[in-house]
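Since the structure comes first, as structure tokens, the remarks are kept for the end.
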Amino acid sequence: MIAKKEVLIVTHCYPKDNKDSSGIWLKRAFEKYPVLKIGKYDMFSLNRLKEVKKHNGYLIACWVIPAGILAYLSGKPYIMYCLGLDCFWAKRHWWVALLFRPLLNRAKMLAFSSRHLMETLNAPYGDRYRSKSRVVHLPISSEEFYPK
Amino acid sequence: MKILSIGNAIYRKRFDLCALTCAKLEKEKTFDELSWRIIAEGPELEKLKQMAPKSMEFLRRVEVLRDHYHWADVFVLPSYDEGFGLVYIESIMSGCPIIATAGEGAVEIVEQTGGGLLVDIVSDNALSVANIKKAIIEISHNYNLYMNPEIVERARDKMDPVRIQGEWQDLLDKCFDSKNSD
């Protein structure tokens, strides 16, 4: 079994503190794992790359851009967790699909927060990544949302 | 009829269609009482407020959404480029049926829970508004078909944090076991 401390979550969208709600759903999913929050444009930041490389374990890169690029450049084994608009860009623009290709090739697995996103990102690549694509939803607590 | 919409006030959320549908329901007096609450922030907000009919109210982002789902009879968000749409499933888990765009992320939510309807959103706004209106009327007439304890349970199960943590653990073990790992 992979211990939680061996996994590092890399993401640009994560709450700064308890008052910040941006990416709160990602916190719910990975609250027991260590998280490296990066900036939106940190995909080519050497300092960030050094931080990622320092981690002695596995990565879950949340979003292809920017976290997926850092994960790729780090040379560490990673799962790409695809959550949003970048999947639509790859479907719409051939050059984005081309840019994503090496990042997706090297990912151990592609996880998607919905079936629709899985279909969307896989569309430009045919069956190339189907066998390593999985849907893993973002969790929602029934203690927070329940009928009246 | 109490209707709720939540999201960033950006074009792809199509709050403009909500405003047009609200205006149509108001004009045609489809319901004795009509209240449409939009919880949103973003660049399109001022424009939306200008086109909003009098039954429509706007709230800034709130901390506890659950109370608003409880208030509403139906949740409507006709957005596109929606990867999944957590607000849809939060709504169903809170006991409020949804109306979402066909062919978008919410398809699996509606198909797997049965907690709402999918509508075709097309380039013709009048047709899209007619589709949304029809779905609102359908849900108001057959409420128990689109919201009941089984539907809530299916939504809860789908998003269960413990099960999802287990899925991540399985995935990590599968990807990074000693034979597989780099």
Side-chain angles (χ1 to χ4, degrees), chain A residues 1-4 6-7 9 19 21-22 24-25 28-33 57-60 75-79 81-89 91-92 106-121 132 134-148, chain B residues 12 61-67 69-72 80-87 89-96 103-109 111-112 147-149 151-153 155-178 180-182:
Chain A
M1 182 179 264
I2 305 296
K4 289 186 169 68
E6 292 178 78
V7 178
I9 311 300
K19 288 176 187 169
S21 65
S22 56
I24 187 79
W25 22 270
R28 287 183 200 134
F30 296 121
E31 60 189 344
K32 289 176 183 163
Y33 294 86
Y58 315 109
L59 308 174
I60 297 177
K76 301 274 178 188
Y78 61 91
I79 293 175
Y81 193 22
C82 306
L83 292 139
L85 279 177
D86 37 13
C87 297
F88 295 99
W89 298 339
K91 187 178 178 182
R92 282 201 193 115
R106 195 181 285 174
K108 287 277 184 188
M109 193 72 84
L110 306 178
F112 298 85
S113 60
S114 76
R115 197 177 70 198
H116 183 61
L117 283 180
M118 184 169 78
E119 296 305 323
T120 302
L121 187 67
K132 63 174 184 180
R134 298 281 183 281
V135 174
V136 188
H137 291 108
L138 289 161
I140 300 178
S141 167
S142 54
E143 287 169 15
E144 193 176 347
F145 295 98
Y146 50 81
K148 61 183 165 187
Chain B
R12 71 180 180 86
R61 286 244 176 231
V62 291
E63 278 195 15
V64 183
L65 288 174
R66 182 181 59 234
D67 297 342
Y69 293 125
H70 286 173
W71 167 85
Y80 66 90
D81 279 3
E82 198 69 77
F84 184 66
L86 284 172
V87 282
I89 199 93
E90 286 172 358
S91 177
I92 295 172
M93 286 174 72
S94 304
C96 179
E104 294 288 335
V107 169
E108 70 173 281
I109 300 174
E111 280 179 2
Q112 289 174 16
M147 186 43 61
N148 57 54
I151 288 170
V152 174
E153 197 49 46
R156 280 180 168 194
D157 181 56
K158 187 176 172 64
M159 310 310 284
D160 180 38
V162 176
R163 190 177 54 73
I164 290 170
Q165 276 175 19
E167 285 178 7
W168 272 115
Q169 191 63 60
D170 290 347
L171 203 62
L172 288 164
D173 290 342
K174 191 175 174 186
C175 290
F176 302 126
D177 65 25
S178 53
N180 241 351
S181 134
D182 282 344

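Side chains included, hydrogens not; waters and symmetry mates left out as well; all remaining heavy atoms used. Here is the naming used below: chain letters follow the sequence lines, and residue numbers restart at 1 for every chain.
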* To do: In plain terms, say whether B:D170 and A:R134 are close enough for a salt bridge, that is, a side-chain N and a carboxylate O under 4.0 Å apart.
  => no
* Structure fact -> The reported gap from CG in B:L171 to CD1 in A:I60 (rounded to nearest 0.5 angstrom) is 7.5 Å
* For A:S142, which of B:M159, B:E153, B:R156 qualifies under side chain to side chain contact (heavy atoms under 4.5 Å, CB included)? -> B:R156
* Structure fact -> Interatomic distance, NZ@A:K132 vs NZ@B:K174, rounded to 0.5 Å, equals 12.5 Å
* What is the distance from atom NE2 of A:H137 to atom CG of B:D160, rounded to the nearest 0.5 Å? -> 12.5 Å
* Minimum heavy-atom distance B:F84-A:S114, with the two atoms named -> CD1-CB, 3.3 Å
* Structure fact -> Minimal heavy-atom distance between B:E90 and A:R28, with the atoms involved, is OE2-NH1, 4.4 Å
* Asked: Which bit of A:L83 is near chain B, if near means a heavy-atom gap under 4.5 Å: side chain, backbone, both or neither?
  -> neither
* Asked: If you count heavy-atom pairs under 4.5 Å between each of B:P161, B:G103, B:A106 and chain A, which one has the most?
  -> B:P161
* pair B:I89-A:F145: side-chain heavy atoms closer than 4.5 Å -> no
* To do: Measure distances from B:E82 to the heavy atoms of chain A and classify the residue's part below 4.5 Å as side chain, backbone, both or neither.
  => backbone
* Enclosure of A:E143 CD (heavy-atom neighbours >12, cutoff 6.0 Å) -> no
* Pair A:E119-B:V107, side chain to side chain contact (heavy atoms under 4.5 Å, CB included): steps then yes or no -> CA-CA 12 Å; A:E119 296 305 323; B:V107 169; over 6 Å; no
* Pick from A:L117, A:T120, A:V135 with the largest number of heavy-atom pairs that fall under 4.5 Å of chain B -> A:L117
* Note, B:L172 side chain near A:Y33 side chain (heavy atom, < 4.5 Å) -> yes
* **B:H70 (side chain) donor-acceptor with A:Y146 (main chain) under 3.5 angstrom** => yes
* **Side chain / backbone / both / neither for A:F30 at chain B, heavy atoms under 4.5 Å** => side chain
* **NZ-CH2 distance between A:K148 and B:W71, expressed to the nearest 0.5 angstrom** => 10.0 Å
* Structure fact -> Note: A:L59 and B:F176 closest approach over all heavy atoms is O-CZ, 4.3 Å
* **Max heavy-atom pair count under 4.5 Å with chain A, selected residue of B:E167, B:E108, B:R163** => B:E108
* Asked: Which heavy atom in B:Q112 sits nearest to a heavy atom in A:R115, and how many Å separate them?
  -> NE2-NH1, 3.8 Å
* Structure fact -> Here the pair of heavy atoms bringing B:G83 nearest to A:H116 is O-CB, 3.8 Å
* When rounded to the nearest 0.5 angstrom, what is the spacing between CZ in A:F88 and CG in B:D81? -> 4.5 Å
* **Option in B:L86, B:V152, B:V162 with maximal non-hydrogen atom pairs under 4.5 Å from chain A** => B:L86
